[in-house]
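Heads up: the structure comes next, in structure tokens.
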Amino acid sequence: MSRADAVVIISAQAEWTVVRDVYSELNVETTPFGEYGETVIEDIRVILMHGGWGKIAAAASAQYAIDRWQPRLLVNLGTCGGIAGQVQKGEILLVEQTLVYDICERMGDPQEALEFYTTRFDLPWAEGALPLPVRRVRLLSADHDLDPAEVPLLRERFGAVAVDWESGAIAWVAARNHCPCLILRGVSDLVDETHGEAYAAFSVFQHGVVTVMRTLLSALPAWLSLGLKAQMSRPL
């Protein structure tokens with residue numbers, strides 16, 4: 001199979017449902033992780049792939065995508081939960097660093113363990129005009145929804161503004177494969193120190209997903225062009 005210009009991984013089923021709605025003409029096939037389809041976006045060969053939720057599926061599907069399609073650019077689009085007072089609902093986050101915060105090392109150096117799964121992005125190409133207004137952030141990941149009781153610690157220790165389930169795993173795998181990676185996440189709902197607005201009203205999350213994903217997908221062609229411009233001159 002020929003090399004893809006970009007693979008766009010979509011993690012959650014709710015997010016993938018929006019992709020299928022926007023790209024209704026997509027001829028889907030399956031991987032061990034879910035559906036995928038190939039399309040051409042402004043002369044760019046793109047694989048749209050449902051990678052699955054959580055760090056295990058995220059890491060495995062990212063490695064699968066890299067091995068199978070050898071993309072010049074790996075992209076992850078999706079949603080995240082924002083910390084109230086630190087970020088606005090609907091805000092688009094350009095991820096410059098990921099940190100996996102649910103690692104609990106009790107026999108060695110906890111900071112060393114956290115650092116091992118921290119990934120920093122080199123995005124020099126993103127210094128000029130961008131397709132969307134974005135906020136550059138460190139995004140935290142864990143295999144659970146944000147616990148309101150954790151908010152003060154995450155805010156004070158890591159400067160957290162938002163969290164998700166998959167970005168840390170995808171970024172780490174991409175870095176180990178020396179594969180350029182772009183992660184954009186939009187804030188679907190907010191959590192404060194006492195409650196999460198979507199935890200008691202799932203419709204809040206559902207509405208946030210549709211709003212965020214349609215915003216990200218509408219700008220996807222421009223992001224792909226921008227991201228690949230810096231990669232296309234690299235040798236195979």
Side-chain angles (χ1 to χ4, degrees), residues 9-12 14-15 51 53-59 62 75-106 109-123 126 130 132-175 181-202 204-205 207-209 211-213 215-216:
I9 296 178
I10 309 297
S11 300
E15 297 161 356
W53 59 273
K55 294 199 296 288
I56 294 172
V75 180
N76 176 231
L77 303 181
T79 59
C80 59
I83 295 178
Q86 305 298 116
V87 70
Q88 299 296 315
K89 188 186 299 188
E91 196 168 354
I92 303 300
L93 309 181
L94 173 61
V95 180
E96 293 189 318
Q97 182 183 113
T98 58
L99 183 148
V100 178
Y101 72 90
D102 62 344
I103 296 172
C104 186
E105 170 63 73
R106 291 191 172 94
D109 182 352
Q111 185 58 40
E112 183 180 359
L114 286 171
E115 186 65 25
F116 182 77
Y117 282 110
T118 294
T119 303
R120 297 168 180 82
F121 290 97
D122 180 21
L123 301 173
L130 298 176
L132 286 172
V134 297
R135 181 173 174 182
R136 298 167 182 264
V137 301
R138 169 198 282 170
L139 188 61
L140 275 58
S141 295
D143 270 331
H144 60 79
D145 287 324
L146 177 58
D147 183 345
E150 295 178 317
V151 167
L153 174 64
L154 298 182
R155 187 175 54 216
E156 293 163 15
R157 183 176 181 186
F158 302 121
V161 299
V163 303
D164 74 352
W165 291 56
E166 301 88 15
S167 292
I170 293 170
W172 192 86
V173 169
C181 183
L182 169 66
I183 297 178
L184 291 160
R185 292 265 175 164
V187 179
S188 58
D189 54 278
L190 297 174
V191 179
D192 63 23
E193 298 177 14
T194 62
H195 78 291
E197 62 177 345
Y199 298 167
F202 190 64
V204 172
F205 170 70
H207 181 267
V209 168
T211 301
V212 165
M213 290 304 298
T215 298
L216 291 173

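Just so it is clear, the structure is predicted and the values come from calculations on it, not from any experiment.
Across all non-hydrogen atoms, the minimal contact from Y101 to L146 is OH-CD1, 4.0 Å. Between T98 and A171, the closest heavy-atom pair is OG1-CB, 3.5 Å. Considering all non-hydrogen atoms of both residues, L114 and V100 come closest at CD2-O, 3.3 Å. For the residue pair R135 and V161, the shortest heavy atom distance occurs at NH2-CG1, 3.5 Å.
Between the side chain of W172 and the backbone N or O of F116, at least one donor-acceptor pair lies under 3.5 Å. When atom types are taken as modelled, the side chain of E197 and the backbone of L190 share a donor-acceptor pair closer than 3.5 angstrom. Judged purely by atom type and a 3.5 angstrom limit, E15 uses its side chain to pair as donor or acceptor with the backbone of T79. At least one donor-acceptor pair under 3.5 Å links the side chain of E91 to the backbone N or O of Q88.
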For this session: Would you please test E166 and S141 for side chain to side chain donor-acceptor pair (under 3.5 Å) and show each step?
Result: CA-CA 6 Å; E166 301 88 15; S141 295; over 6 Å; no

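The only member of D143, D102, D145 that meets side chain to side chain donor-acceptor pair (under 3.5 Å) when paired with W165 is D145.
Ion pairing of E150 with R157 is absent here, as no side-chain N (NZ or NE/NH1/NH2) approaches a carboxylate O to less than 4.0 Å. Ion pairing between a basic and an acidic side chain is recognised when a charged N comes within 4.0 Å of a carboxylate O; R185 and E96 show no such pairing.
Between the side chains of T119 and Q97, no donor-acceptor pair of N or O atoms lies under 3.5 Å.
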